[in-house]
Structure formats: C-alpha cells, structure tokens
Amino acid sequence: MQPVLDTLRRPLANLRISVTDRCNLRCAYCMPEEEYRWLPKEHLLRFEELARLVSVFATLGVRKVRLTGGEPLLRHELHELVRRIASEPRIEDLALTTNGLLLAEQATALADAGLHRITVSLDTLREDVFEALTRRTGLARVLEGIEAARSRWPGRVKLDTVVMRGTNDGEILPLFDYARERGLELRFIEYMDVGGATQWTPEAVVSREELLAHIADRHGPIEHLGETSSAPAERFRLRDGTTFGVIASTTAPFCSRCDRARLTADGMWYLCLYARLGLDLRELLRGGASDEQIAQRLRSTWERRTDRGAEQRLEELARGPLVGVETLRRDPHLEMHTRGG
Ligand code: SAM
Ligand code: SF4
Ligand code: SF4
C-alpha cells in the first residue's frame with residue numbers, strides 16, 4: 001500500500017480518538033474555567049460508527065490508535081469499543097490515555113477486550129496538590145488505578161506528567177522516584193498553550209532543559225537516547241538504567257515528524273492540535289457515504305495538510321493563550337478535552 005503523505009511528506013499513521021468530551025477532573029492546564037459547553041449527546045459517534053471509521057483509516061495506513069478524551073473511562077462500556085477496534089487486524093497498537101480515577105474497576109475489562117497498553121496521567125503524589133491542580137479529590141483512586149494497570153499490562157504502563165511552575169514543579173523528583181521504583185516509564189510534558197489552556201503563560205512552562213538539569217542534579221549524568229521514529233517523547237537514561245521521556249511540545253515541537261490526527265467524539269477530524277477547522281465525518285457517515293467515499297475525502301484532506309501548529313506558535317513573539325474563553329464557548333472543538341490530548 002502506498003502511504004498517504006501530506007505536503008511535508010508526513011504519513012497518516014496515527015489516530016487519536018476522543019471518545020467523550022466529559023471529564024471528572026478540572027486540571028488547571030486543560031479545564032481551568034468554571035463552565036463548559038458540552039457536545040450534544042446525540043452527536044456522539046456510536047461504537048459501530050467509530051469502529052467503521054477506524055477500518056477506513058486503516059486502509060489509508062493508520063496503524064496506531066489511542067483512545068482519549070475528556071476522560072475516556074467515562075464513556076459507557078468503553079471496553080466494547082476496545083474489543084471492536086482490537087479486532088481490526090491492521091491496527092498494531094491500541095492504547096488509552098486516562099486520568100486513572102476509574103481505572104481500578106475497568107482495567108480487567110479493558111485488558112480482556114484487547115487494549116495493548118495504557119498511559120496514566122499523574123501530576124503529583126500529594127493530595128493537597130492534586131486538589132489544587134484538578135479541583136477534585138481522588139489521588140488515592142488514581143494510585144490504585146496505576147497498580148491495577150501494572151498487573152494487567154506489565155511493562156506496558158506509562159505515566160504522563162504535565163509540569164506547571166508554581167503548581168506541581170516541586171513534584172518532579174518524587175514522581176521520578178515513584179516511577180523508577182515501580183519500573184514505570186515517566187514522561188514529562190511541557191505545559192502547552194493549546195485551546196483549553198486559558199491561563200497559559202510562558203513563565204509557567206518548565207522547559208525540557210530545566211527538567212533535565214533538575215534530574216541530573218539529583219541522579220547524575222543523563223544519556224540522550226535519541227528520538228524514536230514519530231513518537232513525540234525524547235527518551236533519556238540514567239547510569240543505573242532508568243529510562244524516562246520528555247515531550248518538549250512547547251520549546252522544541254516535533255511537527256516535522258507528526259503523523260497524527262484527531263477525531264472528536266462527535267466525528268470532527270482535525271489534522272493538528274492547533275487547527276481551527278476540521279472535517280465533519282459524522283455528516284459523511286450519517287449522510288450515507290460509502291467507505292470508499294469516506295476514504296477518498298480523508299486521503300484528499302490529508303494530502304493537502306500543511307499544519308505545523310506548535311512550530312508556528314514558537315515564531316510568535318508575544319505569546320499568550322491560543323484563544324480566549326468566548327472563542328472556546330463559540331466552538332468547544334477548540335478545547336483540548338474535546339479534541340483529545
Ligand atoms: N483525561 C485523560 C487524561 O488526563 O489522561 C485523557 C485526556 S487529556 C486531554 C490527555 C493528556 O493531555 C493528558 O496527559 C494531559 O496531561 C494532557 N494535557 C492537557 N492539557 C495540556 C496542556 N495544556 N499542556 C500539555 N498537556 C496537556
Ligand atoms: Fe485533566 Fe484529562 Fe480531564 Fe483534561 S481531560 S481535565 S487533562 S483529566
Ligand atoms: Fe502535530 Fe500539530 Fe502537534 Fe505539530 S502542533 S506536533 S503538527 S499536532
């Protein structure tokens with residue numbers, strides 16, 4: 001099969017599906033507002049519609065699917081969707097990103113349904129910091145979720161940590177040790193100025209360089225293992241063999257290698273985290289388009305892709321939040337929790 005390439009010769013290989021825009025946390029870097037406009041329930045794609053789209057994407061070269069949200073475990077019977085996607089033989093990697101709150105009770109069903117691996121977001125080990133950061137309680141449940149994941153997906157659990165200066169930057173080393181002691185790979189993510197991050201300031205970003213310096217101060221020399229293919233995380237290793245990752249999406253974006261696109265729960269397809277416009281696949285699906293017609297629209301849309309949103313943001317001199325609250329209210333698809341992180 002000929003890969004489908006965009007204008008910068010990047011293949012379409014990776015699909016992130018936001019299965020719900022709802023969330024049971026209110027993380028300061030993602031959902032800092034008091035109120036949100038939610039997608040109408042009747043617009044949400046049904047599991048058979050999502051599975052059909054995954055198969056069409058697979059004909060164009062998509063091999064990796066990640067389920068995300070909002071909080072994906074809030075989607076009723078999510079394991080049934082996992083089962084359907086896992087049965088598509090061309091999908092080689094089926095992963096999920098979760099905040100972990102509901103993971104302890106769902107891990108078995110998800111693993112039995114064929115979920116290959118899992119990433120849990122963990123930004124702190126302190127309940128007071130958790131509450132300040134997420135405006136909810138529940139750190140203990142997240143930690144139970146991580147334990148359940150370790151037993152269900154041994155060697156295939158990652159932790160993601162967004163670091164915000166003044167909020168959880170004191171947690172870098174405790175989180176690092178927590179992951180190291182459990183053999184989990186931790187990835188630090190730079191705080192990004194994406195749609196939902198209306199409180200974003202450049203000063204609140206803890207950069208890759210700063211993170212590495214902090215870890216090296218405590219743990220000694222760090223070896224750079226290089227970047228792995230199109231994966232956003234750069235990997236590093238300590239002398240004792242501990243590996244970890246840094247996703248420098250703000251200070252050193254990886255747009256030139258980006259092979260990922262995003263599907264929202266109501267079927268909008270976006271070619272970039274920063275894109276203002278998307279393609280309405282729900283309209284195509286529910287309007288009776290055939291698989292071939294959908295594939296043709298996806299192909300021609302991807303072939304015109306020029307997006308390099310994070311790199312373009314780097315070029316801006318006076319940088320603040322990407323969009324204001326009023327713009328987000330008009331189009332909630334711009335929100336990170338709608339678009340899928
Ligand atoms: N609710 C799930 C979770 O938190 O893992 C999945 C969806 S969440 C939008 C996916 C990822 O996006 C999380 O790891 C979160 O930390 C990250 N994220 C959200 N807003 C971000 C921001 N402004 N900068 C960097 N990462 C962000
Ligand atoms: Fe936090 Fe994920 Fe919910 Fe955003 S979607 S508020 S990152 S838990
Ligand atoms: Fe890909 Fe857009 Fe993110 Fe760049 S900003 S890595 S093009 S999704």
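If you're wondering where the values come from, they're calculated on a predicted model, not measured in any experiment. All heavy atoms count here, side chains included; hydrogens, waters and symmetry mates do not. All ligand and atom numbering here is 1-based and tracks the order in the structure.
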CG (Asp177) and CD1 (Ile172) are apart, to the nearest 0.5 Å, by 12.0 Å
So CG of Leu73 and CD of Gln106: to nearest 0.5 Å the spacing works out to 4.5 Å
With atoms numbered from 1 as shown, which atoms in ligand 1 lie under 4.0 angstrom from a non-hydrogen atom of [X]?
| X | answer |
| --- | --- |
| Thr68 | 6 (C), 7 (C) |
| Val162 | 16 (O), 25 (C), 26 (N), 27 (C) |
| Ser121 | 3 (C), 4 (O), 5 (O), 13 (C), 14 (O) |
| Gly69 | 7 (C), 9 (C) |
| Gly341 | 9 (C), 10 (C), 12 (O) |
| Ala197 | 23 (N) |

- prompt: What do you reckon, is CZ of Arg297 surrounded by more than 12 foreign heavy atoms closer than 6.0 Å?
  reply: no
Report yes if some N/O of His337 lies less than 3.5 Å from some N/O of ligand 1; otherwise report no. no
Short list, please: which atoms of ligand 2 are under 4.0 Å from a heavy atom of [X]?
| X | answer |
| --- | --- |
| Tyr29 | 7 (S) |
| Met31 | 6 (S) |
| Cys23 | 3 (Fe), 5 (S), 6 (S), 8 (S) |

Hey, is there an N, O or S on Cys27 sitting under 2.8 Å from atom 1 (Fe) of ligand 2?
yes
Note on atom 2 (Fe) of ligand 3: protein N/O/S atoms within less than 2.8 Å are Cys272 SG
Check this for me, if you would: do Glu147 and Arg182 make a salt bridge, where the nitrogen-to-carboxylate-oxygen distance has to be below 4.0 angstrom? yes
Please examine the side chains of Glu303 and Leu5, heavy atoms only from C-beta on, and report whether any two atoms are closer than 4.5 Å.
-> no
With Leu96 as partner, the option from Val19, Thr68, Leu78 fulfilling side chain to side chain contact (heavy atoms under 4.5 Å, CB included) is Leu78
For Phe254, the ligand 3 atoms with a heavy-atom partner under 4.0 Å come out as 6 (S)
Exercise for review: Please check if any side-chain donor atom of Asp240 sits under 3.5 Å from a side-chain acceptor atom of His219, or the reverse.
Suggested key: no
Min over Gly70, Gly340, Cys30 of heavy-atom distance to atom 6 (C) of ligand 1 lands on Gly70
Counting heavy atoms under 4.0 Å, the part of Val194 that contacts ligand 1 is side chain
When the ring centroid of Phe57 is compared with that of Trp269, is the distance short of 6.0 Å? yes
### Check: Arg75 main-chain N/O paired with Thr20 side-chain donor or acceptor under 3.5 Å
no
- Message: Is it the case that the side chain of Asp123 and the backbone of Val162 share a donor-acceptor pair, with hydrogens and angles ignored and the cut-off at 3.5 Å?
- Response: yes
the protein heavy atom lying closest to atom 4 (Fe) of ligand 2 turns out to be Cys30 SG, 2.4 Å
**Message:** Looking at ligand 2, would Ser121 count as a contact under a 4.0 Å heavy-atom criterion?
**Reply:** no
